[in-house]
Amino acid sequence: MSETKTTWKPGKKDAIFFGVVLLVIILLVLGSSERTTKAVPNDTVHQQALNHQTCLQCHGESGVRPQPVGHSRSTQCFQCHTQPKDWQGGMQ
Ligand code: HEC
Ligand code: HEC
């Protein structure tokens, strides 16, 4: 009698399944970090900063309050940091 052991060999479908699971986890992690992102303060300075260049004068590397190391390089600040309630720019 020959021993026939069924060994599991990951195939293409398994790889796809694993990829989908990984993607869901990544999206969940990214999603949760967005929800804890600090809002932009609703003060005069922030209400009157109308573009990201202005933001980065203070929050760029040499600004008074630089973004943390490894911070996103995205210029769409309000995508993650809630826009001040009385922001004087247009709707965004
Ligand atoms: C004139 C300088 C200046 C400009 C321009 C400026 N900020 Fe700020 N920002 C500050 C300072 C100082 C603080 C921290 C003190 C405070 O809470 O007011 C701060 C706080 C913040 C915080 C909250 C950080 C915390 O610790 O709670 C966020 C988010 C932020 N700014 C984003 C922005 C965005 C987005 C813009 C452009 C629309 C911008 N800032 C423009 C100086 C500036
Ligand atoms: C992709 C999302 C995203 C975008 C876009 C983004 N940020 Fe942030 N930002 C974060 C997260 C998340 C943190 C918190 C990081 C941490 O505490 O480690 C943060 C932290 C900060 C802080 C420090 C807050 C503190 O704790 O003192 C400042 C200031 C800031 N961001 C400014 C900006 C400015 C200005 C822009 C636009 C040029 C911007 N961010 C765009 C996600 C984002």
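Excluded from the calculations below are hydrogen atoms, water molecules and symmetry mates; all remaining heavy atoms, backbone and side chain alike, are included. Ligands are counted one by one from 1 in listed order, and the atoms in each one are counted from 1 as well.
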Report summary line: Sorted by chain and residue number, the residues with a non-hydrogen atom under 4.0 Å of ligand 1 are Lys38, Ala39, Val40, Pro41, Asp43, Val45, His46, Ala49, Thr54, Cys55, Cys58, His59, Arg65, Cys77, Phe78, His81

Query raised in the report: Does the side chain of Phe17 reach to within under 4.5 Å of the side chain of Pro10, using non-hydrogen atoms?
Result: no

Show me the donor-acceptor pairs within less than 3.5 Å that the side chains of residues 40-47 make with the rest of the protein, sequence neighbours left out.
residue: Asn42; atom: OD1; partner: Gln47; partner atom: NE2; Å: 3.1
residue: Asn42; atom: OD1; partner: Lys85; partner atom: N; Å: 3.3
residue: Asn42; atom: OD1; partner: Asp86; partner atom: N; Å: 3.1
residue: Asn42; atom: ND2; partner: Asp86; partner atom: OD2; Å: 3.2
residue: Asp43; atom: OD1; partner: His46; partner atom: N; Å: 2.9
residue: Asp43; atom: OD1; partner: His46; partner atom: ND1; Å: 2.6
residue: Asp43; atom: OD2; partner: His46; partner atom: ND1; Å: 3.4
residue: Gln47; atom: NE2; partner: Asn42; partner atom: O; Å: 3.3

Query raised in the report: Under 3.5 Å, is there a donor-acceptor pair between the side chain of Trp87 and the main chain of Leu50?
Result: no

Just list the side-chain donor-acceptor pairs under 3.5 Å for residues 51-59, sequence neighbours left out, or say none.
residue: Asn51; atom: OD1; partner: Gln53; partner atom: N; Å: 3.3
residue: Asn51; atom: OD1; partner: Thr54; partner atom: N; Å: 3.0
residue: Asn51; atom: OD1; partner: Thr54; partner atom: OG1; Å: 2.7
residue: His59; atom: ND1; partner: Arg65; partner atom: O; Å: 2.7

Report summary line: Residue set satisfying side chain to side chain contact (heavy atoms under 4.5 Å, CB included) with Val69, at least two apart, ordered chain then number -> none

Query raised in the report: How many angstroms lie between atom NE2 of His71 and atom CD of Glu61, to the nearest 0.5 angstrom?
Result: 12.5 Å

Requested in this report: For Ser74, counting its heavy atoms only, list the atoms of ligand 2 lying under 4.0 Å from any of them.
Outcome: 5 (C), 37 (C), 38 (C)

